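For reference, the structure discussed in these notes is given below.
Just so it is clear: chains get the letters A, B, ... in the order the sequence lines come, proteins before strands, and each one is counted from 1. Worth saying up front: this structure is predicted, and the values here are computed from it rather than measured.
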Protein chains: 2
Amino acid sequence: MDYQLSEIVFFHRKKSGLTRNQLADLAGVGKTVVYDIEKGKETIRFSTLLKVLKALNVKITFTSPLMRVFNEKS
Amino acid sequence: MDYQLSEIVFFHRKKSGLTRNQLADLAGVGKTVVYDIEKGKETIRFSTLLKVLKALNVKITFTSPLMRVFNEKS
DNA sequence: ATTTATTTACCGCTATAGCAGCAAAAAATC
DNA sequence: GATTTTTTGCTGCTATAGCGGTAAATAAAT
């Protein structure tokens, strides 16, 4: 699923100089989660993924042909 | 969690002229999932969310100060 | 106004995500 | 090369995501 999620997490964790346990603690999740994500597992909870990405300062954005229309409203 | 995920899904589903059941069938997930997402639930599986977003032609991208460095490698 | 379609909201069930603990393998540090 | 740290990979346990079914409330179509 080419979202390279595992690579992104690994890359950011390494650049942050964190071990998996440290990242897990920082994100407030179990250590198994970080292990699983970097292993390529995608059947994790979205909320759990958000915690990890937040700890790594990675933002999620949604894009689509319609998103411009979406952003112009509100 | 300001990712407005629920609004994004709702917006795209409506623009696609799909009912929740139709979207659920199209995405290959249970109808409860679409209901939950639009209700704002974030404790859903990432893989399940991907299915729904794929059916709506919505892409996920990850951004961070480090992502430029990440993209320049490979 | 009546019918039809959609949404909201529950239910019980099954599969599994997430957890901590452990130990062996691999990598990094000394 | 010996020691320490990190990673990989299991384990059993608990909480819950996802499922289809049902039914009432709401909205849309006739």
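Whole-Å rounding puts the A:Asp25 CG to D:dT7 P distance at 13 Å. A straight line from CG of A:Leu23 to P of D:dT6 spans 13 Å, rounded to a whole angstrom. Separating the CD1 atom of A:Ile37 from the C1' atom of C:dA17 is a distance of 12 Å, rounded to the nearest angstrom.
Between B:Val58 and A:Thr63 the shortest side-chain heavy-atom distance does not fall below 4.5 Å. The closest side-chain heavy-atom distance from A:Glu42 to B:Leu50 is below 4.5 Å.
Contact annotation: A:Arg13 reaches the phosphate of D:dT7 (side-chain N/O to OP1 or OP2, under 4.0 Å). Regarding contacts with the backbone of D:dG9, a side-chain N or O of A:Tyr35 is found under 4.0 angstrom from either OP1 or OP2. Between A:Lys14 and C:dA28 there is no side-chain polar atom (N or O) within less than 4.0 angstrom of OP1 or OP2.
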List the atom pairs, donor and acceptor, that lie under 3.5 Å between side-chain atoms in residues 34-41 of chain B and the rest of the protein, sequence neighbours left out.
{"from": "B:Glu38", "atom 1": "OE1", "to": "B:Arg13", "atom 2": "NH2", "distance (Å)": "3.1"}
{"from": "B:Glu38", "atom 1": "OE1", "to": "B:Arg20", "atom 2": "NE", "distance (Å)": "2.9"}
{"from": "B:Glu38", "atom 1": "OE1", "to": "B:Arg20", "atom 2": "NH2", "distance (Å)": "2.7"}
{"from": "B:Glu38", "atom 1": "OE2", "to": "B:Arg13", "atom 2": "NE", "distance (Å)": "2.6"}
{"from": "B:Glu38", "atom 1": "OE2", "to": "B:Arg13", "atom 2": "NH2", "distance (Å)": "3.4"}

Which nucleotides of nucleotides 17-30 of chain D have their base under 4.0 Å from a protein heavy atom (B), which only their sugar-phosphate (S), and which neither (-), written as one string 5' to 3'?
-> SSBBBB--------

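B:Thr61 and A:Thr61 are linked by a side-chain donor-acceptor pair at a separation below 3.5 angstrom, with hydrogens and angles left out of the test.
Not counting sequence neighbours, the partners of B:Ser64 by the side-chain hydrogen bond (donor to acceptor under 3.5 Å, both in side chains) test are A:His12.
In this structure, B:Phe62 and B:Phe46 have tilted ring planes: the angle between them lies in the 30° to 60° band.
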